[in-house]
Amino acid sequence: MYDLAALGAWLEFAVRWLHVITAIAWIGSSFYFIALDLGLHRDRDLESGADGEEWQVHGGGFYHIQKYLVAPAGMPDGLIWHKWQSYWTWISGFILLVLVYYLGAEFYLIDPNVLDLATWQAIAISLASLGFGWLVYNLLCKVFVDADQTTLMLALFAVLVGMAWFYTQVFTGRAALLHLGAFTATIMSGNVFFIIIPNQKIVVADLMAGRTPDSKYGKIAKQRSTHNNYLTLPVIFLMLSNHYPLAFASEYNWIIASLVFLMGVTIRHWFNAHHARRGNPHWTWAATVLIFIAIVWLSVAPNPTREAALNTRFAEAEGFAEVHDIVLGRCSMCHAAEPAWTGLLWAPKGVRLETQTDLTRNAHAVYLQAGLSHAMPPANLSYMEEEERAAIVAWYRAATGG
């Protein structure tokens, strides 16, 4: 069993490594080509018939880049397709979803305090939601095909806000934000797989047959690439959020996730305007800072009604007094307003465990980190005993009926 657990851990590590590598490649190429397209000099009469050109220097050499608005006169040799970065980012991300959240549904996906689901039900909802995301987004693009793109982005934002709320009503906070990221990433990869690459293949087929390609295919592909450009930064935030309880374990995590999409727009708008030589809209940085301040505030803002109900349930559960003593003795020297542990200036992750209310507020995290796993205390520096961990598990399950 130990060997299988070790192999499983290394498999997860390997897939996560692959996921990060392919994501870097995909995001890097996406950002590069959007910046390149926006920065092309289109005021030059090029003999090649290209729509625009740009000179760049990198790695000790100069690059002369030209873009054809529809296609060149003939099929070029050695055409490079940029697609596998996207495909493998999604594939590796989905494998991680299976390894961490589906196989570890009891720990990371299902929270009985949110919605008491069977494992198969939670997985079915997860899978259905990802497919739903692509179908709704693609429908929006078709409905708003002739509308101003800002209208389309607002409609998409409304869908994302709705899904942020939905996920927090179904899964754990950690799984909710991760799923919103997967929901968005599925839209982005779907753009590449279902729209961008097929449209480019139509253009290539026309070139090989000696036909003049229709410009509409390039315009549609560019529209979807632009959408991906604005969605990239929020997806990265949501994928990283599972390491930061202040983001996913907040009472207002769905609002935090929604605001992150606005930050993605304000940040990318500055870069896109800059690359297109339309000036430097510095107001976007001020807006980003204000949104981030709102996120920080929301991460610690209490929900009085829900918190009161949880406090009562956990405080009245059998074993609460014993667990409170355990947490005070093993955890509160670090998780305090003024940590006693040398080198700590504030409570890790902002989690305090000094009072009874602190414990009931963070009951789920204590259960996962110190009850079911040995993640806390780190390296078991405060020597928490196995009997104490068992007491935490028994108390939590008594409160939740698990």
Side-chain angles (χ1 to χ4, degrees), residues 100-101 107-115 122 126 129 157 160-184 233-264 266 287-315 327 331 334-337 339 346-371 375-376 396 399-400:
V100 178
Y101 289 89
F107 299 149
Y108 303 117
L109 184 61
I110 301 170
D111 183 352
N113 293 309
V114 176
L115 189 62
S126 170
S129 70
F157 178 66
L160 293 170
V161 171
M163 289 306 300
W165 179 85
F166 169 77
Y167 280 133
T168 57
Q169 306 306 303
V170 177
F171 299 137
T172 67
R174 172 176 173 167
L177 265 62
L178 189 284
H179 270 77
L180 186 62
F183 178 93
T184 311
L233 295 182
V235 168
I236 296 174
F237 180 100
L238 294 168
M239 293 306 178
L240 292 174
S241 69
N242 65 96
H243 299 288
Y244 297 92
L246 282 174
F248 71 75
S250 163
E251 296 289 342
Y252 303 100
N253 48 10
W254 71 274
I255 301 178
I256 289 175
S258 301
L259 291 176
V260 166
F261 283 97
L262 296 182
M263 282 204 302
T266 54
T288 302
V289 169
L290 291 175
I291 295 172
F292 189 71
I293 290 173
I295 287 174
V296 171
W297 179 79
L298 285 169
S299 71
V300 295
N303 183 327
T305 302
R306 185 171 186 270
E307 187 168 296
L310 287 176
N311 286 347
T312 301
R313 180 190 303 177
F314 284 109
V327 170
C331 310
C334 296
H335 290 280
W346 50 77
K349 308 293 186 183
V351 176
R352 298 180 185 179
L353 296 172
E354 297 176 284
T355 68
Q356 292 186 355
T357 301
D358 289 339
L359 176 56
T360 55
R361 180 185 296 129
N362 296 286
H364 186 65
V366 171
Y367 169 67
L368 290 179
Q369 303 289 337
M376 290 290 164
Y396 183 86
T400 59

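Among all heavy-atom pairs drawn from Met163 and Ser129, the shortest one is CE-CB, 4.2 Å. Minimum interatomic distance between Ala399 and Arg313 (heavy atoms only, all atoms of both residues): O-CD, 3.0 Å. Shown here for Ala347 and Ala336, the closest heavy-atom pair between the two residues is CB-O, 3.5 Å. Tyr108 and Arg174 make their closest contact through CE2-NH1, 3.3 Å (heavy atoms, listed as atom of the first residue, atom of the second, distance). Between Thr360 and Ala315, the shortest heavy-atom distance links the atoms CG2-N, 3.9 Å. A pairwise comparison of heavy atoms in Leu368 and Phe107 identifies CD2-O, 3.3 Å as the closest pair.
When atom types are taken as modelled, the side chain of Ser250 and the backbone of Ala247 share no donor-acceptor pair closer than 3.5 angstrom. Under the 3.5 Å distance criterion, the side-chain polar atoms of Lys349 are left unmatched by any main-chain donor or acceptor of His335. A donor-acceptor contact shorter than 3.5 Å is absent between the side chain of Thr172 and the backbone of Asp111. Using a distance-only test at 3.5 Å, with no hydrogens or angles considered, a donor-acceptor pair links the side chain of Ser258 to the main chain of Trp254. Although no hydrogens or angles enter the test, the distance criterion places a donor-acceptor pair under 3.5 Å between the side chain of Glu354 and the main chain of Ala337.
Between Val300 and Leu246, some side-chain heavy-atom pair lies under the 4.5 Å cut-off. Counting only heavy atoms from C-beta outward, the side chains of Tyr167 and Phe183 approach each other to under 4.5 Å. For the pair Leu262 and Phe157, the minimum side-chain heavy-atom distance is below 4.5 Å. Between Phe261 and Leu238 there is a side-chain heavy-atom pair separated by less than 4.5 Å. For the pair His179 and Val170, the minimum side-chain heavy-atom distance is 4.5 Å or more.
Note: Tyr367 and His364 have tilted aromatic rings, judged against thresholds of 30 and 60 degrees for the angle between ring planes.
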Residue pair Leu259, Leu298: steps toward the side-chain contact (heavy atoms from CB on, under 4.5 Å) verdict: CA-CA 11 Å; Leu259 291 176; Leu298 285 169; 3.8 Å; yes
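No side-chain donor-acceptor contact under 3.5 Å links Ser299 and Tyr244.
Atom CG of Leu240 is separated from atom CG of Asn242 by 7.5 Å, given to the nearest 0.5 angstrom.
Residues Tyr396 and Phe314 bring their aromatic ring centres within 6.0 Å.
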